[in-house]
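Take a look at the structure below.
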Amino acid sequence: MDKIWLVIQREYLARVKKKSFLLATLITPLIFPAIMGIFVWISLGEEGSQSLRIIEVVDENKMFFLESSEQYAFSFSDIGKEDAKQMVQDGDRYGFLYIPKFDLKDPEGIVFYGEDNPSMSLIAYLENNLRKKIEDQRLFESGIDPKIINEVRTKVGIRSITLDEQGEETVNDATVNYALGFLTGILIYIFIFVYGNQIMQGVIEEKSSRIVEILVSSLKPFQLMLGKIVGIGAVGLTQFLIWVVLIGTLSTIVMGYLGMQMPQQTALEMANPELVSTMTPTSDVAEIMQVLSGIDFLGLVLSFLFYFLGGYLLYGALFAAIGSAVEAPSEAQQFMFPVTIPLIVAYMGLFVFVLNDPDSSASFWLSVIPLTSPIAMMGRVSYGVPWTDLALSMGLLIGGFLFTTWMAGKIYRIGILMHGTKPSYKLLWKWIRTSQ
């Protein structure tokens, strides 16, 4: 055990003391807010400096009038189709919308011409406007006033409340649960890939430089492998905890700043009671805070740490085995593919099944199979998961980690000292079966 601890210390301190680790640890929590801020600043600058784009409309039905926006203005004329195209080619118009005569029940043949590919937002804006105009015209021809339809349309909001066995009510929100499941699942996915790859690269470097031959003269290969896995995992956990502290501190500062602004908003509402119904952000924030207060963050954090470490240890052993079997990163690609397939399946399943329907059969199996559970289960935990499913998943993950560590150890103890041999799946299986 003392020898394993020495390897853990060596791997941990060698990486933590690097300037690259310190820079990545301190800068990463600021990168995403900075990127978002830059994009917002650029978009605001574009809104202020972007010129109005004029779109020529040729409507052979003589019934469609499109309302202009801050970005697009519509010009209606009786010119021909070819003349309108020429205006676009000459740069007099940003685009040309051609609306041929058609049956209102089956509108076809509408075309937009432009020198550049139109954005999705522009096409969606045009489609929504034309659809509304066609629907209003069909209602009018049916003897129904569209204004009546618009007046009777009512927005309905449903609050979601969870009842436990004792009858206690907890307010929840699928959007918040989705965000938490998405964030925790993706963090585990990234962590396994990044630090698992570091294990593999470290093993390859030690093997190619023959340093490992000196190391195994004083400790067993399994001790070296286990110490390397735990040491690098401790580096990742340290980095994650620092990120939590930094992000928590920044969030507290931001929330404190927003809290200082709240009295001003309250005074504004008191001075203008008629605005209360239109000012929804305050009520939205209050509802989100109520939802967050009902989330079991302690259970969420403990589950995250378990799957965070369990998933890393399971895959870390496989990455170490791959590194011991090859002598160059290029040779590792053929063995990386079967290892990364379950991770990709879990990543895709998180979006397709787990976050959309955490109680489905696919979500259940993804969250209990050890190779996919570290990512998939975090998506279910954010919504709330039965303790039986959680216990089954954790038990299988522990068993999976022990199995992969045993199997990786069998490969590692032979492969780490092998040179000049091109590895194959058949050879790896032979190493696993070899007892000597």
Side-chain angles (χ1 to χ4, degrees), residues 156-193 196 291-292 294-319 336-408:
V156 178
I158 299 177
R159 296 182 65 198
S160 178
I161 296 178
T162 303
L163 294 174
D164 60 13
E165 295 180 355
Q166 288 74 32
E168 294 184 3
E169 300 181 359
T170 303
V171 179
N172 56 64
D173 189 312
T175 303
V176 176
N177 295 330
Y178 187 101
L180 290 173
F182 168 81
L183 181 62
T184 53
I186 293 302
L187 281 176
I188 293 178
Y189 175 80
I190 295 174
F191 178 83
I192 291 174
F193 257 118
V291 171
L292 292 176
I295 295 176
D296 182 13
F297 279 102
L298 178 60
L300 185 65
V301 171
L302 293 178
S303 298
F304 178 81
L305 290 175
F306 177 85
Y307 286 101
F308 186 83
L309 294 174
Y312 164 76
L313 294 174
L314 185 147
Y315 278 96
L318 297 177
F319 280 106
M336 286 285 292
F337 183 68
V339 173
T340 56
I341 283 179
L343 285 173
I344 296 174
V345 170
Y347 177 82
M348 298 300 296
L350 180 68
F351 294 98
V352 178
F353 300 108
V354 179
L355 294 178
N356 290 322
D357 188 3
D359 296 323
S360 66
S361 298
S363 300
F364 170 79
W365 288 110
L366 285 171
S367 64
V368 297
I369 296 175
L371 292 173
T372 58
S373 63
I375 298 172
M377 180 53 85
M378 289 313 303
R380 294 189 66 197
V381 168
S382 62
Y383 286 90
V385 62
W387 69 268
T388 52
D389 291 4
L390 193 61
L392 175 62
S393 175
M394 289 182 172
L396 291 177
L397 182 58
I398 293 173
F401 157 62
L402 295 176
F403 174 75
T404 56
T405 303
W406 169 82
M407 184 176 65

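All figures in this text were calculated on a predicted structure; none of them were measured in a lab.
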Quick one: closest heavy-atom pair of T372 and L366, and the distance?
OG1-O, 2.7 Å
Over all heavy atoms of both residues, which pair between G196 and Y312 is shortest? Give the atoms and the distance, please.
N-CE1, 4.4 Å
Pairwise side-chain contact, F364 with V385, heavy-atom cut-off 4.5 Å (strictly under)
no
Just checking F304: does its CZ atom have more than 12 heavy atoms from other residues, nucleotides or ligands closer to it than 6.0 angstrom?
yes
Would you sort out whether D357 and F353 count as a side chain to side chain contact (heavy atoms under 4.5 Å, CB included), showing the intermediate values?
CA-CA 6 Å; D357 188 3; F353 300 108; over 6 Å; no
Distance from Y383 atom OH to L355 atom CG, nearest 0.5 Å?
5.5 Å
Do V368 and S373 touch side chain to side chain, with heavy atoms closer than 4.5 Å?
no
Are L343 and Y347 close enough that some pair of their side-chain heavy atoms sits under 4.5 Å apart?
no
Looking at S382, S303, P358, S393, which one forms a side chain to side chain contact (heavy atoms under 4.5 Å, CB included) with M377?
S393
May I ask you to test the V381-L390 pair for a side-chain heavy-atom distance under 4.5 Å?
yes
Heavy-atom nearest pair, G311 first then P374, reads CA-CG, 3.5 Å
Kindly state whether the ring of Y189 and the ring of F193 have centres lying under 6.0 angstrom apart.
yes
Between L314 and F403, does the side chain to side chain contact (heavy atoms under 4.5 Å, CB included) criterion hold? Intermediate values first, please.
CA-CA 8 Å; L314 185 147; F403 174 75; over 6 Å; no
Counting C-beta onward and ignoring hydrogens, is there a side-chain heavy-atom pair between Y178 and N356 closer than 4.5 Å?
yes
Could you state the interatomic distance from OG1 (T184) to OH (Y307), rounded to the nearest 0.5 Å?
11.5 Å
Using the side chain to side chain contact (heavy atoms under 4.5 Å, CB included) rule, take F401 and L397 through it: C-alpha gap first, then chi angles, then the decisive distance, then the call.
CA-CA 6 Å; F401 157 62; L397 182 58; 5.7 Å; no
Starting at CD1 of I192, measure out to CG of L313 and round the result to the nearest 0.5 Å.
9.5 Å
Please report the shortest heavy-atom distance between S363 and V354, naming the atom on each side.
OG-CA, 3.3 Å
Atom pair CG/CE of L318 and M336 - distance to nearest 0.5 Å:
10.5 Å
In this structure, are over 12 heavy atoms from other groups packed under 6.0 Å from W365 atom CH2?
no
Find out whether L183 and M378 are in side-chain contact, i.e. whether some heavy atom of one side chain is under 4.5 Å from a heavy atom of the other.
no
Any donor-acceptor pair under 3.5 Å linking the side chain of T340 with the backbone of F337?
yes
Quick one: does Y315's side chain get under 4.5 Å of P342's, heavy atoms only?
yes
For residues 381-404, pull every pair meeting salt bridge (Lys or Arg N to Asp or Glu O under 4.0 Å), keeping only residues two or more places apart or in separate chains.
R380-D389
Gap between atom CG of L187 and atom CZ of F182 - 0.5 Å precision
9.0 Å
Do side-chain atoms of T405 reach the backbone of A317 as a donor and acceptor pair under 3.5 angstrom?
no
